[in-house]
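Below is one structure; the comments refer to it alone.
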Amino acid sequence: MIRLFKKTGAAEQEEENFRRQLLDDLDFVSNRLERIRESYDMTAEPELVDALIYEEKALQSRFDYLIRVAKEKNIKCRVGIRE
């Protein structure tokens with residue numbers, strides 16, 4: 001008998017792979033944001049500071065997107081960034 005409301009093994013595996021990838025991406029982005037923020041203290045050239053600012057903004061947008069997706073999919077995580 002086919003169960004219409006039970007997820008198949010393949011669907012469960014796909015969902016778990018998505019969850020794992022999302023958490024890996026969140027971890028990568030949060031770590032990269034921390035490294036960028038540490039780099040501000042070691043950079044004196046205005047052009048490099050500008051580059052860090054743009055990269056930080058881009059990563060912050062990506063982080064916000066990943067958090068929104070995690071909330072929509074009800075994925076719990078303990079990834080955070082310092083402001």
Side-chain angles (χ1 to χ4, degrees):
M1 175 181 229
I2 298 174
R3 296 182 183 192
L4 298 176
F5 299 107
K6 177 94 172 138
K7 292 182 181 176
T8 65
E12 288 175 352
Q13 183 63 40
E14 185 177 321
E15 192 172 296
E16 179 60 26
N17 290 342
F18 177 83
R19 182 187 156 284
R20 196 172 300 131
Q21 182 64 49
L22 183 90
L23 294 174
D24 288 346
D25 288 350
L26 277 166
D27 189 47
F28 171 79
V29 171
S30 65
N31 287 332
R32 185 66 191 124
L33 279 166
E34 284 185 36
R35 301 294 86 72
I36 287 172
R37 291 177 179 150
E38 291 168 359
S39 297
Y40 282 119
D41 294 333
M42 298 178 278
T43 305
E45 296 297 320
E47 294 87 358
L48 295 178
V49 172
D50 286 346
L52 288 172
I53 291 169
Y54 288 120
E55 187 174 0
E56 181 182 15
K57 287 289 193 184
L59 285 168
Q60 185 63 54
S61 293
R62 183 174 175 194
F63 184 83
D64 294 344
Y65 165 77
L66 292 169
I67 290 293
R68 183 173 48 82
V69 170
K71 285 180 181 178
E72 288 172 359
K73 300 283 186 178
N74 202 26
I75 297 173
K76 307 279 189 240
C77 59
R78 293 183 179 232
V79 177
I81 55 173
R82 287 180 273 153
E83 299 277 336

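Below, each value reflects all heavy atoms present in this structure, side chains not excepted, and no hydrogens, waters or symmetry copies.
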Could I get the full list of side chain to side chain donor-acceptor pair (under 3.5 Å) partners for Arg32, not counting sequence neighbours? Glu55
State which residues pass side chain to side chain donor-acceptor pair (under 3.5 Å) with Tyr40; sequence neighbours excluded, sorted by chain then number. Glu56
Decide yes or no for Phe18 and Val69: does some side-chain heavy atom of the first lie under 4.5 Å from some side-chain heavy atom of the second? yes
Residues Val29 and Leu59: closest non-hydrogen pair is CG1-O, 3.5 Å
Please round to the nearest 0.5 Å and tell me the distance separating atom CG of Leu66 and atom CG of Leu22. 5.5 Å
Examine distances only and state if a side-chain atom of Asn31 and a backbone atom of Asp27 form a donor-acceptor pair shorter than 3.5 Å. yes
Pairing residues for Glu47 by the side chain to side chain donor-acceptor pair (under 3.5 Å) criterion, not counting sequence neighbours: none
Among Gln60, Arg68, Arg62, which residue meets the side-chain hydrogen bond (donor to acceptor under 3.5 Å, both in side chains) test with Asp64? Gln60
Step by step, would you call Glu16 with Arg20 a salt bridge (Lys or Arg N to Asp or Glu O under 4.0 Å)? CA-CA 6 Å; Glu16 179 60 26; Arg20 196 172 300 131; 3.2 Å; yes
Rounded to the nearest 0.5 Å, how far does CE of Met42 lie from CG of Leu52? 9.0 Å
Please test Glu34 against Arg37 for salt bridge (Lys or Arg N to Asp or Glu O under 4.0 Å), starting from the C-alpha separation and ending with a verdict. CA-CA 5 Å; Glu34 284 185 36; Arg37 291 177 179 150; over 6 Å; no
Applying side-chain hydrogen bond (donor to acceptor under 3.5 Å, both in side chains) to Gln21 and Asn17, what does each step give before you reach the verdict? CA-CA 6 Å; Gln21 182 64 49; Asn17 290 342; over 6 Å; no
